[in-house]
Amino acid sequence: MVMYKADDWKDLDRERILCIQKQLIDWYEKNHRKLPWRETRDPYHIWVSEVMLQQTRVDTVIPYFLNFIGKFPTIEVLAQAHEEEVLKAWEGLGYYSRVRNLQRGAKVVMSQYGGLVPKELQEIKKIPGIGPYTAGAILSIAYDKAVPAVDGNVMRVFSRLFCIDYDISDGKTRREMEQIGNVVVPEENPSFFNQGLMELGALICTPLSPKCIACPVYGQCRAAQKGIQNELPIKKKKQAVKEVELEVALAWKEDKVLLMKRPTEGLLASLWTFPSAVREEGWEPGNSIIQELKEQYGMTVENIAYLFDAHHVFTHLKWNMKVYGCNLASEEKLEYPQVQWVTLDEIKDYAIPTAFKKVLNKIKR
DNA sequence: AACTCGGGGGC
DNA sequence: GCCCCAGAGTT
């Protein structure tokens with residue numbers, strides 16, 4: 001069932017590479033989508049778009065990108081912004097540690113690189129949040145450097161174009177693919193070439209039912225020649241989803257509800273949520289959250305009542321949320337900055353993950 | 001090398 | 001409801 005070895009690219013002749021380069025770049029020039037981050041060569045704007053696109057589809061990213069660039073138009077502004085405001089601009093995008101890395105990166109560029117995104121691969125990779133893919137994307141798109149930018153789209157295209165059956169969920173496969181990228185990326189217009197590969201993966205060479213009939217490199221595609229484009233790429237790893245019961249407390253004081261800032265590491269790091277606790281095995285309903293409020297903040301719950309259920313599925317985790325209304329002992333003092341009483345109007349200023357937005361929406365109804 | 005980290009779209 | 005989508009940091 002193996003088609004070609006992954007070192008098949010060594011057999012690629014110059015003529016074939018030139019053909020793929022020309023057809024892809026021509027196709028990209030005629031067919032690429034007009035997107036906000038394609039209107040600029042500002043390496044910072046490219047950087048922001050690439051970090052967003054690492055995790056989210058184009059249609060979702062567009063409004064976030066415009067808002068983010070509007071609020072933080074330069075590296076300097078981002079470096080000096082309050083983290084709360086930065087997180088708020090990322091609210092709903094997910095993977096919140098990435099935007100904290102982005103801001104860390106902005107600070108590094110200001111302090112170590114005179115405010116300019118470095119142009120050398122070795123240097124740009126040192127910046128927090130910039131790995132092999134993002135480094136290649138910024139250098140090729142913003143600086144016209146002939147380096148590969150291998151993301152999931154590109155690995156899928158390569159696996160089909162060259163009939164490579166390596167498991168793309170394996171880390172070393174990406175390094176193999178990067179070697180291929182090094183061979184095929186042109187000195188002339190590496191920007192359009194790399195973006196062309198990714199655009200092809202997004203529009204034509206899609207994960208399911210690829211549109212080979214419209215593909216500019218159909219004639220060069222070894223998988224299509226064999227009719228096995230639907231069997232590629234090979235991807236083995238699958239994640240199991242764990243289910244947990246999460247108790248959530250809606251603690252009211254007059255018209256205000258209690259919010260808490262989550263720890264700076266782990267799931268939904270640094271975001272604001274209602275107090276919550278994973279239900280302990282064998283505990284009475286409600287007791288886990290009562291215990292959490294007591295142990296973490298010295299708060300005493302006077303009474304508690306089950307309100308409703310909500311659900312949220314993460315990649316590897318499902319929360320079955322049990323939402324409780326509760327009253328705290330009246331004399332509770334809040335000496336923790338990570339604890340706030342907030343009106344439903346003020347809540348818009350806090351970065352709240354989608355899982356808890358769902359709970360919020362149920363309250364408002 | 002294995003694990004962690006969100007949320008959305010297609011069918 | 002079940003399937004799919006990804007790249008970077010950490011350990």
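In what follows, chains carry the letters A, B, and so on, assigned in the order in which the sequence lines appear, proteins first and then strands, with residues in each chain numbered from 1. What you see is a predicted model, and the numbers here were worked out from it, not measured in a lab.
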>> Wobble G-U and Watson-Crick pairs count when both distances are under 3.5 Å; given that, what is the 5' to 3' dot-bracket string of DNA chain B, with | for pairing to other strands?
In response: |||||.|||||
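Rounded to whole Å, atom C1' of C/dG9 lies 18 Å from atom OH of A/Y133. The CE atom of A/M155 sits 12 Å away from the C1' atom of C/dC5 (whole-angstrom rounding). Summarising the geometry, the separation between NZ on A/K172 and P on B/dA1 is reported as 7 Å, rounded to the nearest angstrom. Atom P of nucleotide C/dA8 and atom CG of A/D151 are separated by 10 Å, given to the nearest angstrom. Residue A/R156 contributes atom CZ, which lies 11 Å from atom C1' of C/dC4 at whole-angstrom precision. Atom CG of A/D170 is separated from atom C1' of B/dA2 by 11 Å (rounded to the nearest Å). Computed from coordinates, the A/H311 NE2 to C/dC2 C1' distance equals 16 Å when rounded to whole Å.
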Got a list of side-chain donor-acceptor pairs under 3.5 Å for residues 56-68 of chain A, not counting sequence neighbours?
unit_1, atom_1, unit_2, atom_2, d
A/Y64, OH, A/E91, O, 2.7
A/N67, OD1, A/K71, NZ, 3.0

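Nucleotides B/dG6 and C/dT11 have their P atoms positioned 15 Å apart, rounded to a whole Å.
The list of salt bridge (Lys or Arg N to Asp or Glu O under 4.0 Å) pairs with a residue in residues 148-161 of chain A, not counting sequence neighbours, is empty. Listed by first then second residue, pairs satisfying salt bridge (Lys or Arg N to Asp or Glu O under 4.0 Å) with a partner in residues 276-294 of chain A read A/E247-A/R279, not counting sequence neighbours. Identified under the side chain to side chain donor-acceptor pair (under 3.5 Å) test for residues 260-269 of chain A, with sequence neighbours left out: A/E84-A/K261.
Ion pairing of A/E231 with A/K226 is absent here, as no side-chain N (NZ or NE/NH1/NH2) approaches a carboxylate O to less than 4.0 Å. No salt bridge links A/K237 with A/D167; every basic N to acidic carboxylate O contact stays at or beyond 4.0 Å.
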>> Return a single string for nucleotides 5-11 of chain B, one symbol per nucleotide in 5' to 3' order, where B is base contact, S is sugar-phosphate-only contact and - is none, cutoff 4.0 angstrom on heavy atoms.
In response: BBBSS--
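If you find the closest nucleotide of DNA chain C to A/G131 and to A/P233, the one lying nearer the 5' end belongs to A/P233.
The residue A/G171 sits apart from the nucleic acid: no heavy atom pair falls under 4.0 Å. Contact annotation for A/N101: backbone-only contact, meaning every heavy-atom pair under 4.0 Å involves sugar-phosphate atoms and none involves a base. Using a 4.0 Å heavy-atom distance criterion, A/K125 is classed as making no nucleic acid contact.
You'll find the ring centres of A/H316 and A/F314 outside the 6.0 Å limit.
A/W47 and A/Y44 have perpendicular rings, their planes meeting at more than 60° on a 0 to 90° scale where under 30° would count as parallel.
Looking at A/Y166 and A/E176, their side chains never bring a donor and an acceptor atom within 3.5 Å of each other.
At the phosphate of C/dC4, neither OP1 nor OP2 sits under 4.0 Å from any side-chain N or O atom of A/K235.
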